[in-house]
Chemist: 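Take this structure first; my questions come after.
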Amino acid sequence: MESITFGVLTISDTCWQEPAKDTSGPILRQLIGENFANTQVIGKIVPDEKDLIQHELRKWIDREELRVILTTGGTGFAPRDVTPEATRQLLDKECPQLSMYITLKSIKQTQYAALSRGVCGIAGNTLILNFPGSEKAVKECFQTIRELLPHAVHLIGDDVSLVRKTHEEVQSSARQGHICPNKTGTGTDSDRNSPFPMLAVQEVLSIIFNQVQRTNLDNILLEMKAPVNIPPFRASIKDGYAMKSTGFSGSKRVLGYIAAGDVPTSLPLAEDECYKINTGAPLPLEADCVVQVEDTKLLQLDKNGQESLVDIMLEPQAGLDVRPVGFDLSANDRIFPALDPSPVVVKSLLASVGNKLVISKPRVAIVSTGSELLSPRDQLTPGKIFDSNTTMLTELLLYFGFNCMHTSVLSDNFEQTRESLLDLFEEVDFVICSGGVSMGDKDFVKSVLEDLKFKIHCGRVNIKPGKPMTFASRNDKYFFGLPGNPVSAFVTFHLFALPAIRFAAGWDRCKCSLPVLNVKLLNDFSLDSRPEFVRASVISKSGELYASVNGNQISSRLQSIVGADVLINLPARTSDRPLAKANEVFPASVLRFDFISKYE
Ligand SMILES: Nc1nc2c(c(=O)[nH]1)N[C@H]1C(S)=C(S)[C@@H](COP(=O)(O)OP(=O)(O)OC[C@H]3O[C@@H](n4cnc5c(N)ncnc54)[C@H](O)[C@@H]3O)O[C@H]1N2
Ligand code: MOO
Ligand SMILES: [Mg+2]
């Protein structure tokens, strides 16, 4: 076991309401970090609610790599103090001597330690210790058990042989450098090549769609019935005059004016009378048609300057320019005639029937890795570059209607990457990471994934750019390791990450990938040994779509996405076909809604 993961659970109504008041949790996390090198710590705050405490404890107990849980708070005599009761129910084995030891040591400091009811025990392969809530108490309790923890953890893991090794490891303050995950420095030539086969694009996509759990939007949306009629009243379609169609054309007295938003009038209406009415306004109960104002003539104004007599110059027909109740959508009909996950469609249709349902979207985090990265707001320093991937990927998510919940920029460091991913996956479903997935000595991403027990379904794809694209998952958590090269990240986001997120959001599989249409090459283009996704602008010439390649396609040159309307899907070079010729037709993936740059 390379490292011990701790969970620190603050149990307190007050801290739940105001997290800033939680000082004991952070102190414990700090003490763990200071005393145990090579460990990860995650923290959480829950109120003094038994089921919420147990929910969080169960989540952590189930995490294979999480071996120690320290709770602080809720161990006293107060009515809301339920931590021991919540904990005890989850234990496979109680460790009363451990809690007694803690109490005996604490009692030397204060007799009030006798009023703490905290329990210690083992659940699965996790050791759980209840500490009191005060800062002083957690410091004392931590000091009491510090020495015991590594042995206890390995005894639980039933691997006593590791106790000594772990003891040195866990006690040593020196951080252990990780040897190159690709072992290229070990001299054994076997590791001079990637162990991951280069998979075809379609194969990667079918793996993705088989792995990613799709939100069943169909059930949610297609089963929804309209709670109201649209329109809820007989509504005028035009600005004009509401009347009885049996009254024929000719002059009619104007009884009043009905604006949109007015309540329908139930006053009697003779055949030679009418109401002035606006579009969207409710018809008077006795009217059955509307003649638009263009088909009338004003004959008279009353002394207040209001219309009093009009000439209806069109023969009125029953139902003319009237939307009957429920005409657009009647109550109990399905709101969605078909599945369309576009937020514009879903949200506006739900709004139209006053439904407040919020369809949650997949939670996504963006991670950029690379010790060379600087924030675009920093000053450039030697050996560094500005991080453009974080901005690009965040903007791409936004462009496609998804939100980025977290962004983080990590240096090329195994532990830091591991800890960050562990924390992020507590909060999100997808991590879209760039960098550190190829053959480099500090390309830790794949080995971190393995360490976190993620299954790497794809470690390389047979495409250019984007070859080292990595897709991994663990239960319902999904990880995309896009290559660090900005254009590789751009292309692989579109080809793999976006379809996966859309699928998780409930999109139909056929709509998840970018739409593909045929384009004609404007100029010759030499083919690569890998199938290539070339950035190109589209010109519509007499109804035909031509694609003009956007300059040098090297995967580091972000400028190639300028004006990129499509990615031309070019085949790999073969001996008898080294060149894609001008006017040849190729499929192209459409990158944006406005994908025609020029009309000629
Ligand atoms: N020996 C081999 N070397 C490389 C191979 C290979 O097969 N054998 N693959 C090449 C290909 S193809 C690609 S793509 C890159 C991808 O490598 P990584 O995913 O490990 O990316 P990094 O090495 O971290 O960075 C690559 C490149 O991109 C720059 N970068 C990284 N992050 C950002 C960012 N956030 N913003 C802007 N630029 C970024 C980084 O500085 C590097 O220049 O591997 C090839 N190598
Ligand atoms: O796969 Mo890389 O993106 O060609 O450089
Ligand atoms: Mg690299």
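Counting starts at 1 for both ligands and their atoms, following the listed order.
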Chemist: What pair of heavy atoms forms the shortest contact from F425 to V431, and how long is it?
Modeler: CZ-CG2, 3.5 Å
Chemist: What protein heavy atom sits nearest atom 33 (C) of ligand 1, and how far away is it?
Modeler: N389 ND2, 3.3 Å
Chemist: Determine whether any heavy atom of S556 lies closer than 4.0 Å to an atom of ligand 1.
Modeler: no
Chemist: Side chain or backbone of I385 under 4.0 Å from ligand 1, or both, or neither, by non-hydrogen atoms?
Modeler: side chain
Chemist: May I ask whether P468 has any heavy atom positioned less than 4.0 angstrom from an atom of ligand 1?
Modeler: yes
Chemist: Regarding K541 and the six-membered ring of Y546, is the cationic atom NZ or CZ under 6.0 Å from the ring centre and inside 45° of its axis?
Modeler: yes
Chemist: Measure across N550 and S537 and return the closest heavy-atom pair with its distance rounded to 0.1 Å.
Modeler: OD1-OG, 3.0 Å
Chemist: Are the side chains of L591 and F490 in contact, using a 4.5 Å heavy-atom criterion?
Modeler: yes
Chemist: Within a distance under 4.0 Å of any heavy atom of F386, pick out the atoms of ligand 1 and give their elements.
Modeler: 36 (N), 37 (C)
Chemist: D429 and salt bridge (charged side-chain N to carboxylate O under 4.0 Å, His left out): which single residue from R363, K361, R214 fits?
Modeler: R363
Chemist: Closest approach of L482 and A489, non-hydrogen atoms and distance?
Modeler: CD1-O, 3.6 Å
Chemist: Check E544 with K520, please: is the shortest side-chain N to carboxylate O separation under 4.0 Å?
Modeler: yes
Chemist: Is the contact between L373 and ligand 1 made by the side chain, the backbone, both, or neither, using heavy atoms and a 4.0 Å cut-off?
Modeler: side chain
Chemist: Does any N or O of ligand 1 fall below 3.5 Å from an N or O anywhere on T390, backbone included?
Modeler: no
Chemist: So does E584 pair up with R577, basic N to acidic O under 4.0 Å?
Modeler: yes
Chemist: May I ask you to check if ligand 1 and V437 share an N or O to N or O distance below 3.5 Å?
Modeler: yes
Chemist: Considering the heavy atoms of K467, write down every atom of ligand 2 situated less than 4.0 Å from one of them.
Modeler: 1 (O)
Chemist: Please report the shortest heavy-atom distance between V437 and P483, naming the atom on each side.
Modeler: CG2-CA, 3.8 Å
Chemist: Any idea which protein heavy atom is nearest atom 35 (N) of ligand 1, and the distance to it?
Modeler: D387 OD1, 2.8 Å
Chemist: Please report which non-hydrogen protein atom sits nearest to atom 1 (N) of ligand 1, along with the residue it belongs to and the distance in Å to one decimal place.
Modeler: M439 CB, 3.9 Å
Chemist: Which atom names give the shortest non-hydrogen contact between P465 and T492, and what distance separates them?
Modeler: O-CG2, 4.4 Å
Chemist: Would you please classify the geometry between the F400 ring and the F593 ring as parallel, tilted or perpendicular, with 30° and 60° separating the classes?
Modeler: perpendicular
Chemist: In the protein, which heavy atom is nearest to atom 37 (C) of ligand 1, and how far is it?
Modeler: S388 OG, 3.4 Å
Chemist: So is R530 touching ligand 2 or not, going by heavy atoms under 4.0 Å?
Modeler: yes
Chemist: Should you measure from each heavy atom of G436, which atoms of ligand 1 turn up under 4.0 Å away?
Modeler: 18 (P), 19 (O), 20 (O), 21 (O), 22 (P), 24 (O)
Chemist: Tell me the protein heavy atom at minimum distance from atom 41 (O) of ligand 1, and give that distance in Å.
Modeler: E372 OE2, 2.6 Å
Chemist: Begin with the C-alpha distance, continue with both residues' side-chain angles, and end with the deciding distance and a verdict on salt bridge (charged side-chain N to carboxylate O under 4.0 Å, His left out) for R63 and E426.
Modeler: CA-CA 11 Å; R63 282 178 54 168; E426 281 285 302; 2.6 Å; yes
Chemist: Could you establish whether P483 and ligand 2 come within less than 4.0 Å of each other, counting only heavy atoms on the residue side?
Modeler: no
Chemist: For ligand 2, which atoms have a heavy atom of S488 less than 4.0 angstrom away?
Modeler: 2 (Mo), 3 (O), 5 (O)
Chemist: Considering the heavy atoms of G466, write down every atom of ligand 2 situated less than 4.0 Å from one of them.
Modeler: 1 (O), 2 (Mo), 3 (O), 4 (O)
Chemist: For atom 21 (O) of ligand 1, which protein heavy atom lies nearest, and how many Å away is it?
Modeler: G484 N, 3.2 Å
Chemist: Nearest non-hydrogen atom to atom 20 (O) of ligand 1 belongs to which of S555, S438, P483?
Modeler: S438
Chemist: Return yes if a side-chain donor-acceptor contact under 3.5 Å exists between S368 and N389, otherwise no.
Modeler: no
Chemist: How far is atom 15 (C) of ligand 1 from its nearest protein heavy atom, and which residue and atom is that?
Modeler: N485 ND2, 3.5 Å
Chemist: If you measure from each heavy atom of G440 to ligand 1, is any distance below 4.0 Å?
Modeler: no
Chemist: Check S194 against ligand 1 and report side chain, backbone, both or neither, counting heavy atoms closer than 4.0 Å.
Modeler: neither
Chemist: Kindly compute the distance separating OG1 (T470) from CG (L449), expressed to the nearest 0.5 Å.
Modeler: 7.5 Å
Chemist: Taking only heavy atoms of N485, which atoms of ligand 2 are found under 4.0 Å from at least one of them?
Modeler: 5 (O)
Chemist: Between K59 and E56, is there a salt bridge with N-O shorter than 4.0 Å?
Modeler: yes
Chemist: Specify the protein heavy atom at minimum distance from atom 7 (O) of ligand 1: its residue, its atom name, and the distance to 0.1 Å.
Modeler: K467 NZ, 2.9 Å
Chemist: Should the proximity of D443 to ligand 1, defined as any heavy atom under 4.0 Å, be assigned to the side chain, the backbone, both, or neither?
Modeler: side chain
Chemist: What class does the angle between the rings of F402 and W507 fall in, given that below 30° is parallel, 30 to 60° is tilted and above 60° is perpendicular?
Modeler: tilted
Chemist: Among all protein heavy atoms, pick out the one at the shortest distance from atom 5 (O) of ligand 2; state its residue, atom name and that distance to 0.1 Å.
Modeler: S555 OG, 2.6 Å
Chemist: With a heavy-atom distance limit of 4.0 Å, tell me whether S368 approaches ligand 1 through its side chain, its backbone, both, or neither.
Modeler: side chain
Chemist: Could you tell me, atom by atom, which parts of ligand 1 come under 4.0 Å of a heavy atom of G435?
Modeler: 19 (O), 21 (O), 24 (O)
